[in-house]
Number of protein chains: 2
Amino acid sequence: MAPTASVAPVRDTRQRRAIRLAFEEAERPLSTEQLHAVASRESRGLGLATVYRSIKSLVDEGWLEVIDIPGHGAFYERAGKEHHHHFACENCSEVTDLDGCSSEVRVRLPRGYRARGHDVTIFGTCSRCAEKRRPPTRRGR
Amino acid sequence: MAPTASVAPVRDTRQRRAIRLAFEEAERPLSTEQLHAVASRESRGLGLATVYRSIKSLVDEGWLEVIDIPGHGAFYERAGKEHHHHFACENCSEVTDLDGCSSEVRVRLPRGYRARGHDVTIFGTCSRCAEKRRPPTRRGR
DNA sequence: TTCATAGTGAGAAAGAATTCTCATTATCAT
DNA sequence: ATGATAATGAGAATTCTTTCTCACTATGAA
């Protein structure tokens with residue numbers, strides 16, 4: 001049996017610093033696209049492949065967490081935050097962290113089912129979009 | 001301006017009957033793959049293109065509703081059900097409807113944000129999978 | 001029954017998201 | 001400073017899902 005996990009050597013590159021910085025400064029989850037845009041400002045010419053590679057290793061080493069936003073794909077955020085939920089703007093697709101988990105998700109499960117966790121996403125319009133446009137009509141998909 | 005919406009003529013074919021039947025008999029949301037498998041039993045040789053075409057028209061005419069299960073893609077179920085949430089088995093990917101919406105999703109939103117709805121997905125192990133395997137280790141993705 | 005045409009199946013094609021390849025560059029232990 | 005090699009960027013390639021094309025079939029109004 002192989003020794004528990006060969007921690008791949010990781011060099012502290014400009015690109016990876018930019019990527020970690022992006023998450024540290026962002027006060028919200030980022031999609032790969034958003035991350036690429038933000039981190040590119042810090043590290044010009046940042047390649048998309050590097051973004052994916054870095055995300056993967058950061059997730060593996062437990063520094064990042066993946067969250068799936070229904071209808072908007074994968075987003076990433078610093079791991080270890082307190083349990084919370086997300087708000088997704090149907091208009092601009094920005095995802096925001098919401099405080100706490102007030103929702104006492106006390107759902108009755110069928111016999112034999114066992115829950116391990118839950119995902120809650122509130123969707124609607126963020127303040128920025130609400131200002132511009134009046135109530136959106138249909139759900140963005 | 002064109003007359004409000006030319007309701008495309010819809011013929012009552014064996015394939016579409018099989019697809020509607022699949023949803024009527026299924027007591028849970030189905031993915032395209034699952035639908036294809038189930039409806040194929042009723043209508044042998046059912047093509048995947050027809051599955052997609054039918055789903056699209058059923059969604060358009062409001063007979064079906066799309067639900068996104070984080071990490072498991074799109075599922076479909078009869079529209080008009082009472083507000084409820086879903087359980088997704090991390091092991092077999094089966095999605096189940098849960099009764100009511102006990103979760104008083106009373107989350108404090110940031111200033112200016114307005115909610116239009118919420119998605120709640122409980123994930124864990126369904127009874128069938130719980131019987132076989134003991135507590136799963138990692139979250140299925 | 002007839003027949004215009006909506007619907008179908010099979011596979012090609014299109015999209016998108018992510019991964020891979022590989023020549024070049026940058027990191028960092030020595 | 002040197003050098004072995006991890007990391008990068010660009011674009012090709014993959015994978016997965018959904019849509020399109022087209023020859024053929026089946027529906028249903030007449």
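Chain naming here is simple, since letters A, B, ... match the order of the sequence lines and numbering starts at 1 in each.
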Enquirer: Grab the CZ-P distance between B:Arg11 and C:dC3 for me, whole Å please.
Expert: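 Distance check: B:Arg11 CZ to C:dC3 P gives 15 Å.
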Enquirer: May I ask you to evaluate whether A:Thr13 reaches the phosphate of D:dA6, defined as a side-chain N or O under 4.0 Å from OP1 or OP2?
Expert: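 False: A:Thr13 side-chain N/O out of range (4.0 Å or more) of D:dA6 OP1/OP2.
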Enquirer: Return the nearest nucleotide to the side chain of A:Asp12; candidates are D:dT8, C:dC28, C:dA4.
Expert: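 From the listed options, C:dC28 comes nearest.
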Enquirer: Where along residues 14-24 of chain B does a heavy atom fall under 4.0 Å from DNA chain C?
Expert: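 Within this stretch, B:Gln15, B:Arg16 sit under 4.0 Å of the strand.
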Enquirer: Please encode protein proximity along nucleotides 16-25 of chain C as a string of B, S and -, counting only heavy-atom distances under 4.0 Å.
Expert: -SBBBB----
Enquirer: Roughly, in whole Å, what's the span from CG in B:Leu58 to C1' in C:dG7?
Expert: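 Atom CG in B:Leu58 sits about 14 Å away from atom C1' in C:dG7.
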Enquirer: Would you kindly give the CG-to-C1' distance between B:Asp68 and D:dT17, to the nearest whole Å?
Expert: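 After rounding, the reported distance stands at 13 Å.
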Enquirer: Which residues pass the salt bridge (Lys or Arg N to Asp or Glu O under 4.0 Å) test with B:Arg78, not counting sequence neighbours?
Expert: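 So B:Arg78 forms no salt bridge (Lys or Arg N to Asp or Glu O under 4.0 Å) with any residue.
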Enquirer: Please classify the nucleic acid contact of A:Gly73 as base, sugar-phosphate, or nothing, using heavy-atom distances under 4.0 Å.
Expert: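 It contacts nothing in the nucleic acid.
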Enquirer: Answer yes or no: does a side-chain N or O of A:Thr50 lie under 4.0 Å from OP1 or OP2 of D:dA7?
Expert: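 It does not, given that no N or O in the side chain of A:Thr50 lies less than 4.0 Å from OP1 or OP2 of D:dA7.
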Enquirer: Which residue in the set A:Thr50, A:Ile55, A:Val51 passes side chain to side chain contact (heavy atoms under 4.5 Å, CB included) when paired with A:Arg53?
Expert: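 In the set A:Thr50, A:Ile55, A:Val51, the residue that makes a side chain to side chain contact (heavy atoms under 4.5 Å, CB included) with A:Arg53 is A:Thr50.
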Enquirer: What's the verdict on side chain to side chain contact (heavy atoms under 4.5 Å, CB included) for A:Glu27 and A:Asp97, showing C-alpha distance, side-chain angles and the deciding distance?
Expert: CA-CA 8 Å; A:Glu27 67 305 331; A:Asp97 281 347; over 6 Å; no
Enquirer: Starting at CG of B:Leu46 and ending at P of C:dG7, how long is that distance when rounded to a whole Å?
Expert: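 Taking atom P of C:dG7 as the reference, CG of B:Leu46 is at 15 Å.
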Enquirer: State, with a plain yes or no, whether a side-chain heavy atom of B:Phe87 is found less than 4.5 Å away from one of B:Ile122.
Expert: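 Yes - at least one pair of side-chain heavy atoms lies under 4.5 Å apart.
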Enquirer: Once the angle between the rings of A:His85 and A:His118 is folded into 0 to 90°, is it parallel (under 30°), tilted (30 to 60°) or perpendicular (over 60°)?
Expert: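 Judged by the thresholds at 30° and 60°, the geometry between A:His85 and A:His118 is tilted.
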Enquirer: Side-chain contact test, heavy atoms from C-beta onward, threshold under 4.5 Å: evaluate it for B:Phe75 versus B:Gln34 and give yes or no.
Expert: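 In short, these two side chains touch, coming nearer than 4.5 Å.
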Enquirer: Should B:Ile67 and B:Val38 be regarded as members of a common hydrophobic cluster, given that ILVMFWY residues are connected when their side-chain heavy atoms come within less than 4.5 Å of each other, either directly or indirectly?
Expert: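 In one cluster: no.
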Enquirer: With a 4.5 Å limit on heavy-atom distance, are the side chains of B:Thr32 and B:Tyr76 in contact?
Expert: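 Of all side-chain heavy-atom pairs linking B:Tyr76 with B:Thr32, at least one is under 4.5 Å.
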Enquirer: Considering all heavy atoms of both residues, which atom of A:Leu98 and which atom of A:His84 are nearest to each other, and what is their separation?
Expert: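 Closest approach of A:Leu98 to A:His84: O-CB, 3.2 Å.
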